[in-house]
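The structure under discussion appears below in the form of structure tokens.
Predicted model, so just to flag it, every value in this text is computed and none were measured. Heavy-atom basis, side chains included; hydrogens, waters and symmetry copies ignored. Note that ligands are numbered from 1 as they come in the structure, with each ligand's atoms numbered from 1 the same way.
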Amino acid sequence: MPEPEPFRIKMIEPLTLLSREERLKRIRSVGYNVFKLRARDVYIDMLTDSGTSAMSDLQWAKMLTTEQAYAGSTSFELLEESVADILGFPQFLPVHQGRAAENILFSLTVRDGDFVPNNMHFDTTYANVKHKGGTPVNLVVDEAYRPGQEGDFKGNMDISKLRDFIDETGSEKIPVIMLTVTNNTAGGQPVSMENIREVSEVAKEHDIPFFLDACRFAENSYFIKSREKGYENVPIRDIVREMFSYADGFTFSAKKDGLANIGGILGVRDLELHKKAVELGIVIEGFPTYGGMACRDLAAIAQGLREATDPEYLRYRHQQVKYLGDRLDDAGVPISKPVGGHAVFVDGKEFLPHIPQVQFPAQALTAELYVEGGIRGVELGTSAFGETDEDGNVIPATLEYMRMAIPRRVYTLTHLDYVADTVISLYHRRDDIKGLERTYAPKLLGHFMSEFKPL
Ligand code: F0G
């Protein structure tokens with residue numbers, strides 16, 4: 001059993017479990033796309049760990065005691081102190097969420113025909129690179145594509161793939177190299193410090209700026225401490241500072257390891273680029289001391305960054321995710337191994353081998369999990385990352401996951417036991433689950449709005 005939670009509950013939100021009949025009705029009415037369900041019709045919501053954290057009493061206190069000002073709020077100063085203390089960045093631009101930081105960064109750097117390598121792009125980074133006329137390229141280590149294979153740092157960039165790619169493409173066509181910590185798309189798998197350092201060295205050799213997609217930097221730092229030789233006795237905060245010290249900049253969604261419900265940061269060391277980011281930020285986000293947020297949101301992030309890097313909190317967080325993963329693994333449910341930092345990823349291909357990928361097995365599993373127990377996961381497979389050819393045929397994604405993300409500090413172990421029991425009972429009747437046909441999909445980020453019907 002994991003150790004007890006390092007907090008207690010001060011405020012509660014009631015949950016309702018609709019009947020199976022109602023759940024079936026709901027999922028049919030939304031075209032088997034759980035993004036279109038009403039949150040109140042969901043019992044355990046594991047759609048995302050983004051913006052769904054429970055905030056602490058101190059976060060709420062700081063939110064209440066900051067003034068709401070267009071310019072120069074105290075909350076901006078608090079955030080400045082946290083970003084300097086914790087991430088070691090002298091200047092930054094607050095933005096309303098991670099993808100806004102991506103939009104500004106890529107607007108200023110990516111030109112038509114450019115390429116942006118990453119270990120693995122998440123959906124919004126992918127879409128933002130494409131939106132600016134660039135091509136996102138995933139150069140993760142091969143182990144990332146083998147869900148059942150254990151490994152300490154399956155999120156790493158493959159350094160020789162990166163070198164070859166730069167040689168073939170030419171550094172003038174690569175405006176920025178990104179590294180996503182942890183690697184969400186491949187199961188929330190961590191990136192080692194050694195790999196971060198190596199990627200930064202390759203980038204420097206070729207004079208290409210190196211940026212972290214730092215959404216889950218704190219969870220990544222916990223993995224470095226517990227798995228990487230030489231870091232066992234290094235304090236988390238020092239690990240975090242070292243991770244960021246290699247980067248020329250970072251994009252960050254404070255909705256993850258900022259423990260906030262909204263917010264993001266674009267950190268840039270280069271003063272010229274920072275200035276341009278501020279100017280563009282004013283056009284599309286807001287004045288740089290509020291960045292598209294209410295001032296109180298900045299206060300929540302300032303405090304959240306401190307709490308997210310607290311070693312007690314991180315130990316609890318890791319144990320909770322691992323608890324759910326271990327329960328499923330022990331029952332033979334095929335999951336991404338080892339368990340990542342923010343979610344348990346169920347392998348849709350292995351869970352439903354009778355459903356070909358063009359019939360969206362992970363999407364079918366996601367819909368069925370809602371029907372089975374009112375639990376909302378998310379498909380990260382062919383619907384999210386697949387392509388369509390000129391004739392409209394589905395080209396499957398390499399990985400076919402159904403992700404159950406665990407919001408931070410929200411659910412108890414009893415909730416997770418309920419989730420585990422539900423997934424296991426679904427696994428036992430997996431042969432009844434049928435594939436889906438996609439009836440509608442927009443071009444970019446289609447999975448948010450797409451619709452399906454059962455085959
Ligand atoms: N990068 C990564 C690795 C992410 O996981 C996300 C968001 C973003 C960028 C964009 O941040 O949502 O604040 O604009 N991931 C969420 C998820 C939505 O469910 O994994 P955002």
Side-chain angles (χ1 to χ4, degrees), residues 34-35 39 42 45-53 93-106 116 118-131 136 138 140 144 155 157 176 178-191 211-220 243 247 249-267 284-285 291-293 297-298 300-301 304-305 308 321 336 340-345 362 366 376-381 383-385 399 401-408 410 444-445 447-449:
V34 294
F35 279 104
V42 174
D45 204 345
M46 305 176 93
L47 181 72
T48 180
D49 61 321
S50 181
T52 52
S53 297
L93 178 68
V95 289
H96 81 278
Q97 63 181 89
R99 69 199 71 182
E102 292 158 15
N103 181 11
I104 293 174
L105 174 64
F106 298 144
V116 179
N118 201 329
N119 48 350
M120 282 179 104
H121 289 272
F122 193 59
D123 57 2
T124 59
T125 353
Y126 187 92
N128 267 300
V129 172
K130 281 207 144 180
H131 193 239
N138 292 338
V140 73
M157 181 89 87
V176 52
M178 304 279 299
L179 191 61
T180 306
V181 295
T182 57
N183 181 350
N184 186 6
T185 312
Q189 298 293 338
V191 178
F211 273 63
L212 286 174
D213 175 341
C215 292
R216 299 177 180 85
F217 75 95
E219 288 164 5
N220 200 80
M243 282 167 57
F250 66 93
T251 56
F252 176 59
S253 166
K255 299 170 76 174
K256 284 89 169 169
D257 277 348
L259 290 173
N261 299 135
I262 193 72
I265 297 175
L266 173 61
I284 62 177
E285 284 288 286
M293 284 176 277
D297 298 322
L298 277 73
I301 301 167
L305 286 172
V321 180
S336 162
H342 65 295
V344 175
F345 287 62
T366 308
R376 173 157 68 171
V378 73
E379 195 260 17
L380 291 180
S383 171
F385 294 112
L399 292 167
Y401 282 131
M402 190 270 293
R403 183 188 75 176
M404 296 183 292
I406 305 186
R408 295 168 181 79
V410 169
L444 259 189
L445 294 177
H447 56 297
F448 289 118
M449 302 307 287

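Checking Arg216, Lys255, Lys256 one by one against Asp49, the side chain to side chain donor-acceptor pair (under 3.5 Å) holds for a single residue, Arg216.
At a heavy-atom cutoff of 4.0 Å, ligand 1 is surrounded by Thr48, Ser50, Gln97, Gly98, Arg99, Glu102, Phe122, Thr124, Thr180, Asn184, Asp213, Cys215, Arg216, Ser253, Lys255, Lys256, Arg403.
Not counting sequence neighbours, Tyr126 has no partner by the ring-ring contact (aromatic ring centres under 6.0 Å, His included) test. Under the ring-ring contact (aromatic ring centres under 6.0 Å, His included) criterion, His342 pairs with Phe345, not counting sequence neighbours. Applying the side-chain contact (heavy atoms from CB on, under 4.5 Å) criterion to Ala214, with sequence neighbours excluded, gives Leu212, Phe217, Phe244, Phe250, Phe252.
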Yes or no on side chain to side chain contact (heavy atoms under 4.5 Å, CB included) for Arg99 and Thr251, after CA distance, side-chain angles and deciding distance?
CA-CA 8 Å; Arg99 69 199 71 182; Thr251 56; over 6 Å; no
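Taking 4.5 Å as the limit, every side-chain heavy atom of Thr180 sits out of range of all side-chain heavy atoms of Thr125.
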